[in-house]
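Structure, as C-alpha cells:
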Amino acid sequence: INAEYMGTPSECLFFFVLQNDTIMVQFKFALCQLDSHPDKSVNVDNAVRHISTASARGADVVVLPECFNSPYGTHYFPSYAEPVPEGETCQSIRHAAESNGVVVVAGSIPERGDDGKLYNTCVVFSATGEVLAKYRKIHLFSIDTAGLKFSEADTLTAGNEIVTFTINSVKIGLGICFDIRYPEITALYQSLGTQILIFPGAFNMVTGPVHWTHSARARAVDGQQFIVMCSPARNNRASYIAYGHSLVVDPWGTVLGELGENQEILMCEIDTEKVDEVRKKLPIHFCKRDDLYEIYLDRPNRFCGCFLDL
C-alpha cells in the first residue's frame, strides 16, 4: 500500500533554520499520559481535552498513549473495537487535530478491520484533519511470568506494514509498545531515513520499572534518532496496570523529559539537527558490514509512506 498526501495547513507548525543549505527543524511535542476509564466516550472526551490543552501550550505534535479509548486487555478489545479511521474515536480525534491546528499521533485503539479481524492500530492526523498514516502493531505482546500472564494474540492479529510519514524534511516512523523490543525495526526505519520514532506503549508493572527507559535509550542509540514513548497513566485498580513514565530520548541516549505515573502532559522540544550531529560524530551506519549481514524489508511492497509539505 502506498499513500501520499500533499497539503498546506492554515498555519505553519514548525520553525526552520537554514545553515549550510541544510534544513534543521525544531518543534514541540506534547505527550498526553491519559487515565483509562471503562466508558469509551469518557476516554475519548479526555483525549480531546488534552489535545486542546497541549495546543494551548504551544504543541506542534500531540501524541496519545496505546489503547487510549479503552482499558488495556484482550477481553476488552472486541467490544471497544471500531473501524479505522471511519469510527467514532478517530473522527473525534480528527476534528480535534483540525480545530486545534496540530498534528495528532492518535496512540492506538482496537481496530475492527474490513476482514473482520481485530488489530492494535495507530492513526496520525494532520493539522487539517487528513490521515497521514495508519499503522497496525507488528509484534503482539506476550508475557508469561509469575506476576503477569498475557497474550494479545488471543484476540488481535498482527500487522505487516512498516509505516512512516514525512513532515517537510523530517521522516517519522511508527511502532506500538512491544515493537520497541526489536532492534531490527529500528534498523529498518533508519535505512528509510527516519529521524524520529514514536511508540505509544503500555508497559506494565513487571516490565516497566526494569525495561521501559532502557528500551527507549537502547533504540535511540541503535538508530541514532529521537525516541518518543507515550504511556497511559497508572491505575492501580485496573486488571492491567500501566507503568506510565512517558518520555522522550535524544539520539545520544539522553532522556530529555519523563513523566511520573499520573495523568499529565510532557512538553518537549525536539531539534532534528541533533540527529545529524550524532551521526557525524559516531558514523555507525557507514561502518556496517553489509558484506556479512543485511536487514531488509522481506515484502517491500508492504511499505506505506505518507508525505506532508507545510
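With 3.5 Å as the limit, one finds no donor-acceptor pair spanning the side chains of Asp154 and Thr74. Judged by distance alone, the side chains of His37 and Asn43 never bring a donor and an acceptor atom under 3.5 Å apart.
Here the closest non-hydrogen pair linking Ala220 and Val249 is CB-CG1, 3.7 Å. The minimum heavy-atom distance between Cys177 and Lys137, with the atom names listed, is CB-NZ, 3.8 Å. For the residue pair Ser246 and Leu266, the shortest heavy atom distance occurs at O-CD2, 3.8 Å. Among all heavy-atom pairs drawn from Leu256 and Phe226, the shortest one is CD1-CE2, 3.8 Å. Between Ala47 and Ile93, the shortest heavy-atom contact is CB-CD1, 4.1 Å. Annotation for Pro71 and Ser36: closest pair CA-OG, 3.4 Å, computed over non-hydrogen atoms.
Taking the six-membered ring where tryptophan is involved, the planes of His245 and Tyr243 are essentially parallel, since the angle between them stays under 30° and well short of 60°. Ring planes of Phe141 and Tyr72: tilted class, angle from 30 to 60°.
Distance alone, capped at 3.5 Å, places no donor-acceptor pair between the Glu130 side chain and the Phe125 backbone. Side-chain atoms of Thr207 never come within 3.5 Å of backbone atoms of Phe203 as a donor-acceptor pair (strictly under, hydrogens ignored). Looking only at distances, a side-chain donor or acceptor of Thr53 sits under 3.5 Å from a matching main-chain atom of Arg49. No donor-acceptor distance shorter than 3.5 angstrom exists from the side chain of Tyr119 to the backbone of Tyr135, with no hydrogens or angles considered. Side-chain atoms of Asp60 come within 3.5 Å of backbone atoms of Lys28 as a donor-acceptor pair (strictly under, hydrogens ignored). Judged purely by atom type and a 3.5 angstrom limit, Lys171 uses its side chain to pair as donor or acceptor with the backbone of Leu192. In this structure a side-chain-to-backbone donor-acceptor pair under 3.5 Å is present from Gln224 to Leu282. Of the possible polar contacts, one joining the Ser99 side chain to the His95 backbone as a donor-acceptor pair under 3.5 Å is found. Between the side chain of Gln190 and the main chain of Gln225, no donor-acceptor pair closer than 3.5 Å is present. At distances below 3.5 Å, not a single donor-acceptor pair connects side-chain atoms of Arg136 with backbone N or O atoms of Ala158.
Put simply, the side chain of Asp179 reaches to within 4.5 Å of the side chain of Ile176, judged on heavy atoms. Between Ile185 and His139, the closest side-chain pair of non-hydrogen atoms falls below 4.5 Å. Considering only heavy atoms from C-beta on, Asn120 comes within 4.5 Å of Glu152 through its side chain. With contacts defined as side-chain heavy-atom distances shorter than 4.5 Å, the pair Val62/Asn100 does not qualify. Within the 4.5 Å cutoff, the side chain of Val25 has heavy atoms near those of the Ser169 side chain. The closest side-chain heavy-atom distance from Ser108 to Cys67 is below 4.5 Å. Residues Phe68 and Asn46 are not in side-chain contact: their nearest non-hydrogen atoms beyond the backbone lie 4.5 Å or more apart. The shortest distance between side-chain heavy atoms of Leu118 and Pro110 does not fall below 4.5 Å.
A distance of 7.5 Å separates CH2 in Trp212 from CD1 in Ile180, rounded to the nearest 0.5 Å. Between Phe29 atom CZ and Met267 atom CE the span is 11.0 Å, to the nearest 0.5 Å. Once rounded to the nearest 0.5 Å, the distance linking CG of Asp45 with OG of Ser92 reads 7.0 Å. With values rounded to the nearest 0.5 angstrom, Met229 atom CE is found 6.5 Å from Leu247 atom CG. Here the CD atom belonging to Gln33 is positioned 5.0 Å from the CG atom belonging to Leu259, to the nearest 0.5 angstrom. Residue Thr121 holds its OG1 atom at 7.0 Å from CD1 of Ile109, rounded to the nearest 0.5 Å.
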* side-chain contact (heavy atoms from CB on, under 4.5 Å) between Phe199 and Ser215: does it pass, once the steps are laid out? -> CA-CA 11 Å; Phe199 292 89; Ser215 297; over 6 Å; no
* To do: Begin from the C-alpha positions of Lys288 and Tyr293 and carry the test side-chain contact (heavy atoms from CB on, under 4.5 Å) through to its verdict.
  => CA-CA 8 Å; Lys288 286 183 177 179; Tyr293 53 81; 4.2 Å; yes
* May I have the step-by-step check of side-chain contact (heavy atoms from CB on, under 4.5 Å) for Val228 and Val61, ending in yes or no? => CA-CA 11 Å; Val228 176; Val61 180; over 6 Å; no
* Step-by-step side-chain contact (heavy atoms from CB on, under 4.5 Å) determination, Lys134 to Glu161 -> CA-CA 9 Å; Lys134 174 181 173 179; Glu161 295 177 351; over 6 Å; no
* Asked: So Asp276 and Arg279, salt bridge (charged side-chain N to carboxylate O under 4.0 Å, His left out) or not? Walk me through it.
  -> CA-CA 5 Å; Asp276 292 335; Arg279 290 177 180 177; 5.7 Å; no
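For Glu258, the salt bridge (Lys or Arg N to Asp or Glu O under 4.0 Å) criterion is met by no residue, not counting sequence neighbours.
Checking Arg112, Lys40, Glu111 one by one against Glu82, the side-chain contact (heavy atoms from CB on, under 4.5 Å) holds for a single residue, Lys40.
In the hydrophobic clustering of ILVMFWY residues, with side-chain heavy atoms under 4.5 Å counting as a link, Val221 and Leu197 come out apart. Hydrophobic clustering (side-chain heavy atoms under 4.5 Å, transitive across Ile, Leu, Val, Met, Phe, Trp, Tyr) keeps Leu34 apart from Ile265. A single hydrophobic cluster is seen to contain both Ile198 and Ile138, as judged by linkage of ILVMFWY side chains at heavy-atom distances under 4.5 Å, directly or through other members. With hydrophobic clusters built from ILVMFWY side chains whose heavy atoms lie under 4.5 angstrom apart, Tyr189 does not share a cluster with Val278. Note on Tyr182 and Ile196: same hydrophobic cluster, where clusters join Ile, Leu, Val, Met, Phe, Trp and Tyr whose side-chain heavy atoms are under 4.5 Å apart, directly or indirectly.
Few gaps surround NZ on Lys149; more than 12 heavy atoms of other groups in view lie less than 6.0 Å from it. No more than 12 heavy atoms of other residues, nucleotides or ligands lie within 6.0 Å of NZ in Lys117, so this atom counts as exposed by the packing criterion. For His75, the NE2 atom sits in a packed shell: over 12 heavy atoms of surrounding residues, nucleotides or ligands are nearer than 6.0 Å.
Among pairs with a residue in residues 226-237, those fulfilling side chain to side chain donor-acceptor pair (under 3.5 Å) read Arg234-Glu261, at least two apart in sequence or across chains.
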